[in-house]
Amino acid sequence: MKSKYKSGRSVFALIVVCLVIFSFAADLFNIQVKNNKYYAAQNNTESKYVVELEAARGEIVDRNGNSLVTNRQGNSIILNAVFFPSQKDNKKRNEIIYNLIKLFEKNHEEYAQNLPLKITKSGKVKFSGKKEDIATMKSADMLNLQPYATAQNCYDAMIEKYEIEGYDAQTALKIGNIRYELTRLLFSYENPVTIADDVSDETVAMIKEDQQTYLGADVRIVAYREYVDSTIAPHILGTVRKINAEEYNERKDDGYKITDQIGESGIEQACESELRGTPGELTITISKDGEVTQEVTKKPIQGNTVVLTIDRDLQVLAQNRLQTVCNQVDASSSAGAVVVEDVNSGELLAAASYPTYDLNDYYDKYDQLIADPRNPLWSRFAMGTYAPGSTFKPVVASASLEEGTISADTTFSCGGTMMYRGQKFKCLHGFAHGSENVRTALRDSCNIFFYNCAMRLGISKIDEYATDFGLGEKTGVEISESAGVLASPENRENNGGIWNAGDTLQTAIGQSDNIFTPLQLANYCSTVANGGTRYELHFVKSIISSATGNVNEKTKSVAESVGLSQSTIDTVHQGMRLVATSGGPYLVFSNMKTKVACKTGTSEVVVNGVKRNNGFLITFAPYDHPEIAVSSVVELAGSGTETAEITKDIVNYWYQNNTDAKTNQKVGTLLP
């Protein structure tokens, strides 16, 4: 009988042999598969690596070729794995990084600091940054810690992982930031990592002159986004930033790298595929003798030029006039928006929001901008929704005339109030207008007239026409926008409410649940102006290929044909013309060379317990042959008439300055 002891030794020996074999297998896998390229570089055979070269983003210009967003050349500092010490030599890596940090701080350069940790004055380690950044730091690919790990746990793990012992806590954290950046951005031969952006020529010279102290550091000439005037159209142009982990995972199959830039908002985001250039390639060859040569084997191609529909000077005018009027109304609280549209194409000629911001300050002042109670980052022309007040009345007039529930000569008597199902409804300001037809009712903004229209027409028809005019629906514009809300029994019930008969009357004067964007109001006004054709709104006029110079023109797209009769069009136009000549804003519009037609509106809001009114105005011009439409809203303005000065200056500019003789910049020679 065999000894149990001998049997146990045999089993133990077998286990040891298996462990040895497994260890050799793991080393073999590490050398031949996982880190094949690294070990190949250590060999005496020639090795080649391809590094992607970033392509400049395309430019953005206005409709006349005036540059809005361009690029400038600058220097970034990268770490190149071909020359940088290997992963086995953490001490040397840390020494070089510390040398670079001292240089950066001496020359006041900003460098990578994305590790979400900070050390307080008392020496305590705390988390900083967003929750998702902290979660990434603790993940298996980074510090490999449990979700409940403390900030001190993370700091200690960083020190151990990168062997940063021997430095004071603040210095260790600075070194750890760059080491963390190398890990986060998958530092390798094919993927150099940028550790400092837009550095001075002095820093560049010092790194190039002392390559031993800064071993592995190199200078890369890159394109940085630049604005001709960073205050022009920030809500339209949008911003660019480094791609995040989630976006990278979604887009890596499309050729994106973890170090790439990506459009974050506005046209930069909407036209990402056009603006993003085609990366080039730098081939690095390491001979068997260790000699390194680099050659650009594929030149990067800049992204395409995006031509916008906006007119730069009109945009500036709209922004400045909007700011002036808002500050005149209430410099601490008023806000607003203005939109200018080509009524025959859906092209947006200008779109301004106030308060606004400076694109150059966006990232530096982001926390301050987010905390600002006036929400300067909020695009009020696209995302802001407002009860439109009496600007809704031309919809009801068009529907009533088209359905035959009234004629151009139908009159209703306005005594200032009316009773409906036991409830008193008031006219505007309680005025008694007497006998009103649809033209004079538009001029006087007579609620009683439109209450009567609503009773005859019904909510279903009101909503049908309002939908055709694009109210309560997205306009199709390229940037983010709100759909708003069109008042209806279905919408009310879906939100847990009850639709009452009086709501139909309130809807007819632009109240009830109606909330629309200034973009929608401009597009609706354009549809009224051109006789019933609603176009999809757009900011992009054309795309110019940087490779071929070919121009891909955006074609206008009809979203809806309302199908209004000529008599309906004429009657509504005549009523809106009366608003301009003898209604609220006639004093502003009376001395204009260009005839306009318009409709004012107000809606009540409560600010700090006080009832106030927002003011609205929709306008088209010229009256006889409409070409442009303008919608404006000024919060707390009291009435739409107070916004008329903005519209007057816009119309005067367009017809005094917008001529074919305007000189375009160089890129404009490619424009049709």
Side-chain angles (χ1 to χ4, degrees), residues 58-66 68-69 232-238 263 265-275 303-312 314-315 318 337-353 379-384 468-471 473-484 516-530 532-545 550-562 618 620 626-631 650 654 658 667-668 670-672:
E59 297 189 356
I60 304 176
V61 302
D62 83 340
R63 65 187 298 111
N64 301 305
N66 297 304
L68 298 171
V69 186
I232 297 177
H235 299 94
I236 299 172
L237 298 176
S265 62
I267 293 298
E268 292 278 18
Q269 181 186 51
C271 296
E272 169 65 21
S273 61
E274 295 291 348
L275 290 168
N304 297 329
T305 297
V306 174
V307 183
L308 299 185
T309 57
I310 68 171
D311 179 289
R312 180 196 61 188
L314 179 64
Q315 177 70 28
V338 59
V339 176
V340 188
E341 178 185 346
D342 182 328
V343 306
N344 298 308
S345 68
E347 291 185 355
L348 289 160
L349 306 175
S353 180
S379 171
R380 285 172 167 79
F381 61 79
M383 299 298 291
D468 287 348
F469 278 107
L471 297 172
E473 293 190 352
K474 291 187 177 182
T475 66
V477 75
E478 295 90 348
I479 66 175
S480 297
E481 62 173 329
S482 172
F516 310 131
T517 67
L519 282 178
Q520 290 172 352
L521 293 176
N523 207 20
Y524 144 58
C525 183
S526 293
T527 307
V528 171
N530 67 33
T533 302
R534 175 163 62 91
Y535 294 99
E536 285 190 1
L537 292 189
H538 55 281
F539 279 116
V540 177
K541 184 175 177 62
S542 61
I543 304 292
I544 304 175
S545 170
N550 291 337
V551 179
N552 182 15
E553 191 77 19
K554 169 120 180 176
T555 58
K556 60 185 179 182
S557 176
V558 175
E560 187 67 54
S561 294
V562 183
I618 57 172
F620 66 82
E627 293 176 347
I628 66 170
V630 183
S631 74
I650 285 171
W654 191 251
N658 187 47
V667 70
L670 297 174
L671 305 181

Closest non-hydrogen atoms of Gly384 and Pro518, given as atom of the first, atom of the second and distance, are O-CD, 3.5 Å
How long is the straight-line distance from CD1 of Ile236 back to CD of Gln315, given to the nearest 0.5 Å? 4.5 Å
Test item: Thr309 side-chain N/O and His538 main-chain N/O as donor-acceptor pair under 3.5 Å: yes
Please examine the side chains of Leu237 and Ile232, heavy atoms only from C-beta on, and report whether any two atoms are closer than 4.5 Å. no
For a side-chain contact (heavy atoms from CB on, under 4.5 Å) check, start with the C-alpha distance between Glu478 and Cys271, then their side-chain angles and the critical distance, and finish with the verdict. CA-CA 8 Å; Glu478 295 90 348; Cys271 296; 5.6 Å; no
Heavy-atom nearest pair, Gln520 first then Glu473, reads NE2-O, 2.6 Å
Applying side chain to side chain contact (heavy atoms under 4.5 Å, CB included) between Ile479 and each of Leu537, Ile267, Leu519, report the one that passes. Ile267
Can you name the closest pair of heavy atoms from Val343 and Ala629 and give their distance? CG1-N, 3.5 Å
Measure from the side-chain N and O atoms of Glu341 to the backbone N and O of Ser526, and report whether any donor-acceptor pair falls under 3.5 Å. no
Salt bridge (Lys or Arg N to Asp or Glu O under 4.0 Å) filter on Glu536, not counting sequence neighbours, yields none
Between Thr517 and Glu481, does any side-chain donor sit less than 3.5 Å from a side-chain acceptor? no
Point-to-point distance, once rounded to the nearest 0.5 Å, from CG of Leu348 to NZ of Lys541: 12.0 Å
Can you name the salt bridge (Lys or Arg N to Asp or Glu O under 4.0 Å) partners of Glu272, sequence neighbours left out? Arg57
Run the numbers on Val69 and Val306 for side-chain contact (heavy atoms from CB on, under 4.5 Å), then give the verdict. CA-CA 10 Å; Val69 186; Val306 174; over 6 Å; no
If I take atom CG from residue Leu349 and atom CD1 from residue Ile310, how far apart are they, to the nearest 0.5 angstrom? 9.5 Å
Starting at OH of Tyr535, measure out to CG of Asp342 and round the result to the nearest 0.5 Å. 9.0 Å
Nearest heavy-atom contact between Ala318 and Val338 is CB-CG1, 3.8 Å
Drop me the distance from Asn64's CG to Arg312's CZ, to the nearest 0.5 angstrom. 8.5 Å
Which residues pass the ring-ring contact (aromatic ring centres under 6.0 Å, His included) test with Phe539, sequence neighbours left out? none
Gap separating the CG atom of Asn523 from the CD atom of Glu560, nearest 0.5 angstrom: 11.5 Å
Non-hydrogen atoms of Ile618 and Ser631 that approach each other most closely: CG2-CB, 4.1 Å
Run Leu275 and Ile60 through side-chain contact (heavy atoms from CB on, under 4.5 Å) and show every step you take. CA-CA 9 Å; Leu275 290 168; Ile60 304 176; 4.0 Å; yes
Which residue, Lys556, Arg63, Lys554, forms the salt bridge (charged side-chain N to carboxylate O under 4.0 Å, His left out) with Glu347? Arg63
Ignoring hydrogens, what is the shortest heavy-atom contact between Val340 and Ile650? Give both atom names and the distance. CG2-CG2, 3.8 Å
Would Ile544 and Val307 count as a side-chain contact (heavy atoms from CB on, under 4.5 Å) if you check the C-alpha gap in whole Å, the side-chain angles of each, and the deciding distance to 0.1 Å? CA-CA 7 Å; Ile544 304 175; Val307 183; 3.7 Å; yes
Asp468 side-chain N/O to Val562 backbone N/O, donor-acceptor pair under 3.5 Å: no
Looking at side-chain heavy atoms only, is the closest gap between Trp654 and Asp311 below 4.5 Å? yes
Checking Ser353 side chain against Arg380 main chain: does a donor-acceptor pair fall under 3.5 Å? yes
